[in-house]
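Below: one structure, written as structure tokens.
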Amino acid sequence: MKNRPVRVRFAPSPTGPLHMGGVRTALYNYLFAKQNGGDFLLRVEDTDQARFVPGAEAYIVEALKWCGISPDEGIGAEDKMAQGGPHAPYRQSERKPMYRAYADQLIASSHAYYAFDTPVELDAVRERAKQAGNPNWQYNSITRTSMKNGLTLSEDDVARRLSAGEPYVIRVKMPRNEEVKFEDRIRGWVSVNTMNLDDKVLLKGDGMPTYHLANVVDDHAMEISHVIRGEEWLPSAPLHVLLYRFFGWEQPEFAHLPLLLRPDGNGKLSKRDGDRLGFPVFPLDWKNEDTNDTASGYRERGFYPQAFVNMLAFLGWNPGTHQEIFSLDQLIISFNLNKVNKAGARFDFEKAKWFNQQHLRLLSASDRLHTYKQEALLRGLTIPSDVFAQKAMNLFMDRAEFIGDTLDEALYVFTDPTSFDPAVCAKKWTAEAPGYVEELSALFARTDYSEATLEEAFKVYLADKGYGFGQVGPVLRLAIAGTTQGPSIFAVMHLIGKEASERRILHAITTL
RNA sequence: GGCCCGUUCGUCUAGCGGUUUAGGACAUCUCCCUUUCACGGAGAAGAUCACGGGUUCGAAUCCCGUACGGGUCACCA
């Protein structure tokens, strides 16, 4: 069991956009695979035809791609291998015919049976049980003796119903009283008595397998060595262990990841939390075709994928050192499944932003400029030249968490200010103010408009007149930028040049 | 409610029986830098290690209870 090649899978169901918890699960799988020189497969679990959402699969593939997680096999790996690999298809709906034989095998070995109870009948039984004070009726080793199934009906009866085309499901025949144990990579030994487990449906009335059958059959067929999934699967893991046993298959190692919790209140982070809490829960924007609403994604919010991935990796794991900033490649080296936490992690958007800020600083100048220009385009800003872009970006880099910040806070670098901070106007734009800037403008005109000479000229002016910086500085800044926040005003003036600077000063004098 | 899992600063976490006066990061606050805002630097505050029992010379670390939190109990995944 320990020495087989590492092959892991991420197996989402295409019922909507993948949320960040799902991305983290995929990431951990990917990191574990790459670290061990293994394969990461993407399989789509679309056995519930009623919950299928068009576009969800494409979204999942694109989201992973954006994160830099590319499947070695399966969906999204069609460019690497024909049909995505040797175990194609990787969409469970397309594997439908394969599951039947395995369900039959379990019936033959008396580990499963046909059940003819209709959904309506089951609802009625549950309702009756609820009335009788049992809110949680289960189809199990006790109750199955009074239901319509292959265990209570005669062989002839079963055969007749089958040939008559009567609808049925196939259920697992859960052993009566048996301790099922398995060693979870993260939680250690987990033990459950089958007494508490029910006869789960394995094959549904429409011929599709349920998750339980499909994931076991496929994981075995695809030679999956480690099943790394969310903690919500822990309660059904014993059933899966039993299924491997019934089939006589080697079981993969299990690792159940802690959940991502909401920052407020209780419960796990869910898709429905959407933008309610002021941050995205999805990697990419998702447009709901029915409601026409768009749920925001980290990508569109301005996050770099490497920052998003880094942040996600640290929600439930850490390297045990003080290093927090990691590239994907560094994560592959340092990640350790055994160091994944057991408790759920409450998500904190403030820290998420910090990760982006750190990665923004780490980017090479040319890569950063590239994203800068993309963001400028998005904002409809025209950039005179690369040199200008580079300078403008650098000027505002210090205060940026996102590359877009260097644009949003620097609009006055591209266009003349159309409004002036009213609070500052009231306080600093005195009767003398127009005179200050008019004199300065004339003085500056005699310099070469470099940052240093502008500043020098300004200082000389203050000294000559006996003015204080606080008296004149904000006035100049207001005239040029419309606000008093930002980098050195002389650097800004140098960047926009003499003509624009003089134009702005004149405009301020005439309008304020 | 049954079952399963968990519980260290507000948050993410280090810690795997003695080196711990419990370390780091985010957030918060203070000071320095900057006659702006930030960045950066220095520092502060913040955790009776959920609680109660054991085991041990010694426990945040091991065991058992209790409380609290989470997950799960469909012909959904």
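Keep in mind the model is a prediction, meaning the values are calculated, not measured. Chain naming here is simple, since letters A, B, ... match the order of the sequence lines and numbering starts at 1 in each.
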Check: Base, sugar-phosphate, or nothing for Asn341(A), non-hydrogen atoms under 4.0 angstrom?
Finding: sugar-phosphate
Answer for the Watson-Crick or wobble partner of A47(B), both distances under 3.5 Å, is none
Base, sugar-phosphate, or nothing for Pro487(A), non-hydrogen atoms under 4.0 angstrom?
-> base
Test of ring centre spacing under 6.0 Å for Trp429(A) and Phe420(A): no
- Message: Taking the ring centre of each residue, are Tyr436(A) and Tyr467(A) less than 6.0 Å apart?
- Response: yes
Comparing nearest nucleotides in RNA chain B, the 5'-proximal residue of the pair Asn193(A), Leu261(A) is Asn193(A)
(message) Arg187(A) vs Glu231(A), test: salt bridge (Lys or Arg N to Asp or Glu O under 4.0 Å). Steps then yes/no.
(response) CA-CA 10 Å; Arg187(A) 279 147 222 288; Glu231(A) 192 186 355; 3.7 Å; yes
Donor-acceptor pair under 3.5 Å: do we get one between Asn136(A)'s side chain and the base of C73(B)?
-> yes
Original post:
OP1 or OP2 of U72(B) less than 4.0 angstrom from a side-chain nitrogen or oxygen of Lys200(A), does that happen here?
Top reply: no
Taking C76(B), G6(B), C4(B) as options, the one with an atom nearest any side-chain atom of Val192(A) is C4(B)
* **Below 4.0 Å: OP1/OP2 of A14(B) and any side-chain N or O of Asn318(A)** => yes
query = Contact class for Gly316(A) vs. all strands (heavy atom < 4.0 Å): base, sugar-phosphate, or nothing?
reply = sugar-phosphate
- Task: Give a yes/no answer on whether the side chain of Lys268(A) brings an N or O atom under 4.0 Å of OP1 or OP2 in U72(B).
- Result: yes
Paired to C62(B) by Watson-Crick or G-U wobble criteria (both distances under 3.5 Å) is G54(B)
Heavy-atom nearest nucleotide on RNA chain B taken for Arg361(A) and for Trp354(A); more 5' hit belongs to Trp354(A)
Need one value for Thr47(A): base, sugar-phosphate or nothing, where a base atom within 4.0 Å counts as base even if backbone is also close, heavy atoms only. sugar-phosphate
### Under 3.5 Å donor-acceptor pair, Arg51(A) side-chain atoms to C76(B) base atoms
yes
- Please work out if Asn140(A) contacts a base, only the sugar-phosphate, or nothing of the nucleic acid, heavy-atom cut-off 4.0 Å. nothing
Q: Check if the side chain of Lys351(A) and the base of A27(B) share a donor-acceptor pair of N or O atoms closer than 3.5 Å.
A: no
message = Does Arg229(A) reach a base, just sugar-phosphate, or nothing at all? Heavy atoms under 4.0 Å.
response = nothing
Select base, sugar-phosphate, or nothing to describe what Phe314(A) touches, counting heavy atoms under 4.0 Å on all strands. sugar-phosphate
(Q) OP1 or OP2 of U36(B) versus the side-chain N and O atoms of Lys428(A): is any pair under 4.0 Å? (A) no
Re U19(B): Watson-Crick or G-U wobble partner, both distances kept under 3.5 Å, found to be none
Any strand, both distances under 3.5 Å, Watson-Crick or G-U wobble: C26(B) pairs with G10(B)
Taking only side-chain N and O atoms of Lys339(A), does any of them lie within less than 4.0 angstrom of OP1 or OP2 on G15(B)? yes
Going through the checks in order, is the side-chain hydrogen bond (donor to acceptor under 3.5 Å, both in side chains) test met by Tyr168(A) and Asp117(A)? CA-CA 7 Å; Tyr168(A) 65 89; Asp117(A) 319 275; over 6 Å; no
If pairing means Watson-Crick or G-U wobble with both distances under 3.5 Å, then the partner of G69(B) is C5(B)
Note to self: Can you see if the side chain of Arg171(A) gets near the phosphate of C75(B) - specifically, an N or O under 4.0 Å from OP1 or OP2?
What the structure shows: yes
Under a 3.5 Å limit on both distances, the Watson-Crick or wobble mate of C39(B) is none
